[in-house]
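Here the structure is a predicted model, which is why all the values come from computation and not from measurement. Chain identifiers are assigned alphabetically (A, B, ...) following the order of the sequence lines, protein sequences preceding nucleic acid strands; residue numbering begins at 1 within each chain.
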There are 2 protein chains.
Amino acid sequence: MLLRIVSEDSGQGLTLSNITKTIGLKLSTTHRILSSLVEEGLLGLNPETKCYRPGFLLFELGRSANQFMIRDIYRPALERIAKKTRDTAYLVIRDGYDSLCIDRVEGTAPLRLMLDVGARRPLGMGAASLSLFAFSSDKTVEKILRFNEMRFREHSGMGIADMRKLIALCRQKGYTLTAGVVDRGVTGIGVPLYDRKNKIRGAISVAAISEKIDKTRYDDIAVLIKAEVDKTYHPPN
Amino acid sequence: MLLRIVSEDSGQGLTLSNITKTIGLKLSTTHRILSSLVEEGLLGLNPETKCYRPGFLLFELGRSANQFMIRDIYRPALERIAKKTRDTAYLVIRDGYDSLCIDRVEGTAPLRLMLDVGARRPLGMGAASLSLFAFSSDKTVEKILRFNEMRFREHSGMGIADMRKLIALCRQKGYTLTAGVVDRGVTGIGVPLYDRKNKIRGAISVAAISEKIDKTRYDDIAVLIKAEVDKTYHPPN
DNA sequence: TAATTTAATTTCATATTATAGAATTATATA
DNA sequence: TATATAATTCTATAATATGAAATTAAATTA
């Protein structure tokens with residue numbers, strides 16, 4: 001909690017009393033924990049202003065999370081996609097049997113946000129999420145189907161047979177499409193992202209309320225996403 | 001400790017038993033803490049391989065440590081400096097009344113490493129450290145002198161008068177030079193880094209055992225560092 | 001396919017540590 | 001200089017983590 005609170009501040013840092021108010025712990029408790037975090041280097045303390053800021057260790061630990069660097073790589077592509085489609089563009093990665101949304105650029109069209117950055121869903125539930133899944137090897141697909149069977153049913157009412165049909169259709173199209181079948185009233189179009197070794201590293205999707213994405217646009221949007229993805233320079237590793 | 005251990009692994013992640021061996025805690029304890037870290041998102045767990053990796057929250061928290069982005073900015077300059085001088089180049093920032101080494105590129109010359117990344121010293125003790133100090137405003141210099149007086153004496157045997165003289169000399173030269181006065185047998189040459197608002201954001205130094213850096217090279221090295229710094233594009237903010 | 005091994009997860013009484021509240025110290029403001 | 005505000009330290013009690021063992025799951029071998 002403390003790390004989050006201090007990190008969310010974008011200014012000159014937060015004072016102890018400030019942080020204490022936010023977190024709702026006792027002053028002495030907050031002070032002790034903050035001191036420990038400073039001692040370890042997770043936070044820094046400006047001795048003049050007595051303000052706490054993110055520390056060097058936090059920076060270093062963060063850099064070790066290489067897998068998420070994909071976010072920096074595809075940020076510009078995501079922005080262009082959102083701008084051109086006017087819908088919200090998502091960057092999603094696989095995390096075990098979940099998909100994890102790691103970036104989002106909102107479109108200009110008025111629409112309710114579906115997926116927050118940091119949100120986790122069963123792998124396959126959502127256009128990008130489905131891209132991570134449907135374009136994997138048959139063996140992987142089977143494993144995920146088995147593991148997530150109950151979660152699919154719970155989330156969308158779809159059974160294994162429905163999912164298999166959906167995957168087959170998407171593979172044929174070359175992109176994933178969830179026109180209301182995963183989330184009621186939501187249509188998404190997803191494309192997988194491959195690294196230089198042809199391994200799936202993530203997926204980008206565009207999603208909006210179904211009324212806003214006409215059937216005739218499906219292919220166009222997929223082509224648009226693929227074009228922006230192809231334009232993107234993906235460094236080795 | 002656990003965050004460090006998991007972050008330091010560059011491979012596919014570490015298993016519980018692996019981590020347990022490294023940290024020396026009991027299996028159950030390690031498991032419990034790891035589970036909490038995963039729950040919070042600081043770590044991720046691959047459910048197939050049961051391997052722990054850095055998590056998305058760690059990435060996000062790390063990105064909030066903007067002040068250290070200077071490291072990415074000056075990395076190439078640091079590499080060029082180390083290559084050209086054959087000595088080790090350091091990137092150092094101010095942290096309260098300490099200086100903090102946040103990056104290092106080793107030279108080709110055989111020499112003992114003086115300063116580890118993450119190392120903290122009294123502000124002024126070292127060439128880069130001194131740059132952060134000597135080129136500050138007179139008011140700031142006085143405050144630092146007073147605060148660090150004892151620490152200077154302890155570290156180098158220098159008193160306030162000695163430090164004043166050293167600062168005056170450095171200001172005159174336009175770069176900092178610590179020819180054995182701060183660390184016995186070590187010579188360093190430092191240059192401050194300014195942002196677009198002319199605020200000191202860090203310092204770069206080249207350091208080696210004194211025998212390796214001849215007096216005649218002092219100016220050349222300072223000019224070389226400055227040239228590389230000037231070449232570097234420093235984005236707004 | 002069963003048996004064996006290895007690794008992961010859960011449980012619980014005891015030992016350890018954190019907490020709240022109060023006291024003290026330091027810093028800022030009137 | 002007095003007053004107010006914020007930071008830091010202290011300590012008995014309340015809360016939590018630990019270690020050891022048991023259980024479950026997964027992988028390997030027979």
Legend entry - Rounded interatomic separation in angstrom, taking CD from E48(A) and C1' from dA28(C): 15 Å
Legend entry - Test salt bridge (Lys or Arg N to Asp or Glu O under 4.0 Å) applied to R75(A) - qualifying residues, sequence neighbours left out: E79(A), D103(A)
Inset, instruction - For dG19(D), take OP1 and OP2 only and decide whether either is under 4.0 Å from a side-chain N or O of T29(B). - result: yes
Legend entry - R104(A) with D116(A): basic N within carboxylate O range, under 4.0 Å: yes
Legend entry - Interatomic distance, I23(B) CD1 vs dG19(D) C1' [rounded to whole Å]: 15 Å
Inset, instruction - List in chain and number order the residues that pass ring pair (Phe, Tyr, Trp, His ring centres under 6.0 Å) with F147(A), two or more places apart in sequence or in another chain; answer none if no residue qualifies. - result: Y97(A)
Legend entry - Set of residues satisfying salt bridge (Lys or Arg N to Asp or Glu O under 4.0 Å) with respect to K143(B), sequence neighbours excluded: E48(A)
Legend entry - Separation of atom CG in L25(A) from atom P in dA7(D), rounded to whole Å: 15 Å
Legend entry - Under 4.0 Å protein heavy-atom contact, by nucleotide of nucleotides 5-14 of chain C - B base, S sugar-phosphate only: --SBBBB---
Inset, instruction - Using ring pair (Phe, Tyr, Trp, His ring centres under 6.0 Å) as the criterion, list what pairs up with F68(B), not counting sequence neighbours. - result: F56(A), F59(A)
Inset, instruction - Using ring pair (Phe, Tyr, Trp, His ring centres under 6.0 Å) as the criterion, list what pairs up with Y52(A), not counting sequence neighbours. - result: none
